[in-house]
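Reviewing the structure listed below.
Protein chains get the first letters and strands the later ones, always in sequence-line order, with residue 1 at the start of each.
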2 protein chains.
Amino acid sequence: MRASDRAYAALRDDIIEWRLRPGTVLAEVEQSERLGISRTPLREALSRLTAEGLTTTAGGRGVVVTDISLEDIDELFELRETLEGKAAALAAERGDAALFLQLQKELLEAPDLISGADPARHEYYELVGRLDEAIDAAISNSYLAQAMRSLRVHLVRVRRLAADDAARLTAAAAEHAAIAEAIAARNPRLAEAATTVHLHRSLSHVKATHTPH
Amino acid sequence: MRASDRAYAALRDDIIEWRLRPGTVLAEVEQSERLGISRTPLREALSRLTAEGLTTTAGGRGVVVTDISLEDIDELFELRETLEGKAAALAAERGDAALFLQLQKELLEAPDLISGADPARHEYYELVGRLDEAIDAAISNSYLAQAMRSLRVHLVRVRRLAADDAARLTAAAAEHAAIAEAIAARNPRLAEAATTVHLHRSLSHVKATHTPH
DNA sequence: AACGCCTTCAGTGTATACATAAATCCACTT
DNA sequence: AAGTGGATTTATGTATACACTGAAGGCGTT
């Protein structure tokens, strides 16, 4: 793997997991020494992070980790509702019904995963990720898929702000199942509505349990 | 200005204006010599272009200019309808009515600009650009604005495929005026509908006058 | 004592030299 | 004659040296 890829992945993880807090200045020499690479691949990594919006160039004085405020979360979910609502509707029109029926079935059994032994709920998040991927594939629109992918980076960062307790995850699983069911039923408007409901519940939960860092 | 910025702007223009055709391989040494800079800033420019989707890295054999097919245009307008429809609705909710009323007035007089002396219709495109900027500012959602900005790069590229004759531009100006009017009237659903109508007409025009390069 | 200018330093911006990997072409073998 | 393997060449990937800009601190002057 290329050094710039490793640097990008490492910095991206550090930012998403809040190990690098907003406002932190990422000096080139400092970070390149920390990651054990030279400045050239590090600069490429920083470029990619800045293009994604995780960092911003502070006018010739290095790049700083972007802040995420409560207003940002509102804006983020406003765009998310637009994109994912449309995506769910398109998936209902174009998707493979059998696949989403299977996903619905698994999501209805998700409470078993949530109450299971794994505290990180790895299997649960993997299942939700499979639903996202299935929708991405079903819409067959690379531009829309790309826009959603770039959004998800910021969303993971926000999710780390909220406490994902078992009760919320169980409810979320049911909401995801409803989305999958609507897509499998080839009902675009229902799929969009189910997505809207899910996102509003998610946003309410994030804002309710938001813990300032 | 930084050398990497100049290289980025030059390459971006070359791609958008179809001077660099899809499939063209942008070798680092070749392009850096052509632009009179070294490979380092050129690489940064290529990174940014690739992040925007104007180029793709061809696995160890340089980056190539991305192709735009007819299906891409459909996908592009599908996303555009989603984003700009939402943006128009939000602008109707949050925008400054007086500003959009003024823009509507100017747009209704746009036929004068189109039939004017300037064959490039510089004043007309500047006016449409002001409408875009006004909507961007009104929505007060940086993530949505960012998504639309990255989309517009590809749209300019598509526009160069179509013949923007006076008749179409006159009709487009009227459609833009209708959008501005709906926003000024603080009617979100009407603003979204007017945007949908305008985009469908634009798409039809592009596909009708599309000239394969 | 406060304000302004100059010097110094730190850090990014750029160029170039070197390493590495992949693709192509030629030769050899089957 | 065709396919495969290796060598060469060409391109990207990385490191480092140098240049330039911007800032901060100290010293001098008012």
Practice task
Measure from the side chain of B:Glu28, starting at C-beta and using heavy atoms only, and say which of C:dT16, D:dT12, C:dG11 lies closest.
Solution key: D:dT12

Problem - Whole-Å distance separating the CZ atom of B:Arg2 from the C1' atom of D:dC20 - result: 14 Å

Problem - Side chains of A:Thr50 and A:Thr55, donor plus acceptor under 3.5 Å - result: yes

Exercise for the section: Please identify each residue that fulfils side chain to side chain donor-acceptor pair (under 3.5 Å) with B:Glu17, with sequence neighbours left out. Expected result: B:Arg160

Exercise for the section: Kindly compute the distance separating CD (A:Gln31) from CG (A:Leu26), expressed to the nearest 0.5 Å. Expected result: 5.0 Å

Exercise for the section: Find the distance A:Leu26:CG to C:dG11:C1' and express it as a whole number of Å. Expected result: 14 Å

Handout entry: Spacing of A:Ile37 atom CD1 relative to C:dT20 atom P, expressed in whole Å
Key = 17 Å

Exercise for the section: May I ask you to decide if the ring planes of A:His154 and B:Tyr143 are parallel, tilted or perpendicular, using 30° and 60° as cut-offs? Expected result: perpendicular

Problem - Nucleic acid contacts - residues 39-49 of chain A versus DNA chain D, non-hydrogen atoms under 4.0 Å - result: A:Arg39, A:Thr40, A:Pro41

Handout entry: Test: A:Arg121 cationic atom under 6.0 Å from A:Tyr124 six-membered ring centre, within 45° of axis
Key = no

Exercise for the section: Answer yes or no: is there a donor N or O on one side and an acceptor on the other, between the side chain of B:Trp18 and the main chain of B:Leu161, under 3.5 Å? Expected result: no

Problem - Whole angstrom value for the distance that separates C1' of C:dT16 from CD of B:Glu33 - result: 13 Å

Handout entry: Length of the line joining A:Gln31:CD and C:dT12:P, which is rounded to integer Å
Key = 10 Å

